[in-house]
2 protein chains.
Amino acid sequence: MNAPFPTGPSTDEPVALGALTSSVGFMLRMCQTRAYDQFFREFQDTEVRPGELTLLWVLDLNPGLKQGSVGRTLNIKPAHMTKLIQRLVREEFVERRVPPEDRRSIQLYLTETGRDYLNRYRERFLAVHRAERVGLNDAEMATLLALLSKLNFQEAPECP
Amino acid sequence: MNAPFPTGPSTDEPVALGALTSSVGFMLRMCQTRAYDQFFREFQDTEVRPGELTLLWVLDLNPGLKQGSVGRTLNIKPAHMTKLIQRLVREEFVERRVPPEDRRSIQLYLTETGRDYLNRYRERFLAVHRAERVGLNDAEMATLLALLSKLNFQEAPECP
DNA sequence: TAGAAAAAGTATCCATGTAAACAATAATTC
DNA sequence: GAATTATTGTTTACATGGATACTTTTTCTA
């Protein structure tokens, strides 16, 4: 439980982390920042950003989704959602339509350009996802995904 | 593999995510942002930030650690490390000493004030870590931590 | 031992993300 | 049916975090 932490370049002195290694939040953060680094390394030569690509991916699967729904699903706060969508609209990847039955809300659709863009990077996107599995076999990966999924959906979503 | 995603407030239309649900990176991100939200909810009434508290925690366990070592261990980039430490020094939680044997580097030590601050929030910090376990039993939790640890240390750290 | 290369931190600028206050529309309530 | 409340999205102001280029010190090399 108090084992030293084998750090990155391994030439470093070992660092004790104590109870942190039993903290899901901490371990999630560590793994997640590494995953991000990996993504940016893979898409280094492009302008592609993980959030944007994920958003296009979801809109491709769910045409006409409302902005709020996407935000809640992907855990993106409204203010940030606005900025993301504004950029995607400016690049003409996404189209916004106000449905007549509820004129507060906004429905989102991929344009042809947006679909082309997504398709251009689709394979690379999936390749990154596969590459993240380094070190885990299929069974371990399945277990990990199942546990993360359980965690994600049961975590207390509200307590106002 | 293409099951709809049970979103937060559950009053939402279900959103299809396709291959995203088999992406570790994506699932990590989802869980991690939720964990962050939880942290901020718990420490709402304070100025405590997760990164800062983690840093103090690590310095308490490893007095005299070099700035670079901490950064590599916690996956914090040098530029950000500087800013974090500057604030902790300004608040007099941390002391910087330049060791004579290598005057490029900086050793970090907790001050008495820093230790007091850490101790004041230690129990709450651990409580958040426990709370993150919602929905998983002890065995599942152990498995999850083991898998995350494996992932964290085997992920390709360099390819320049 | 000079000169080049590497390592540790810092400063500046930019991208990402949030909180709080606001505007517009819809749903409730009296 | 007018007044209140809730929902949806935007704006503004700020916090977090990274890339790049730079300074200082150390180490390596010729």
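From a predicted model like this one, the values you see are computed outputs, not experimental measurements. Here is how names work: the chains are called A, B, and so on, in the same order as the sequence lines, proteins then strands, and each is numbered from 1.
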Which nucleotide in D:dT25, D:dT10, D:dG17 has an atom nearest any side-chain atom of A:Pro78: D:dT10
Should B:Tyr36 be listed as having a side-chain N or O under 4.0 Å from OP1 or OP2 of D:dA15? no
By the 4.0 Å heavy-atom rule, please label B:Ile76 as base, sugar-phosphate, or nothing. nothing
Which nucleotide of DNA chain C is the first, and which the last, in the 5' to 3' direction, to come under 4.0 Å of a heavy atom belonging to chain A? C:dA15 to C:dA26
Rounded distance (Å) that lies between atom P of D:dT5 and atom CZ of A:Arg104: 17 Å
Are side-chain heavy atoms of B:Ser23 and A:Glu132 found at a separation under 4.5 Å? yes
Row check, A:Tyr109 ring normal vs A:Arg97 NZ/CZ: under 6.0 Å, within 45°: yes
Does this structure show an ion pair linking B:Lys66 with B:Asp102, if we count only N-O contacts that are shorter than 4.0 Å? no
Which whole-number value in Å describes the distance from A:Gln44 CD to D:dG18 C1'? 14 Å
Specify the separation, in whole Å, of atom CZ of B:Arg49 and atom P of D:dC14. 15 Å
Do you know the tightest heavy-atom contact between B:Glu92 and B:Thr111? O-OG1, 2.6 Å
Mind listing the residues from residues 82-101 of chain B sitting with a heavy atom below 4.0 Å of DNA chain D? Number order is fine. B:Lys83, B:Arg87
Who are the side chain to side chain donor-acceptor pair (under 3.5 Å) partners of A:Arg49, not counting sequence neighbours? A:Glu52
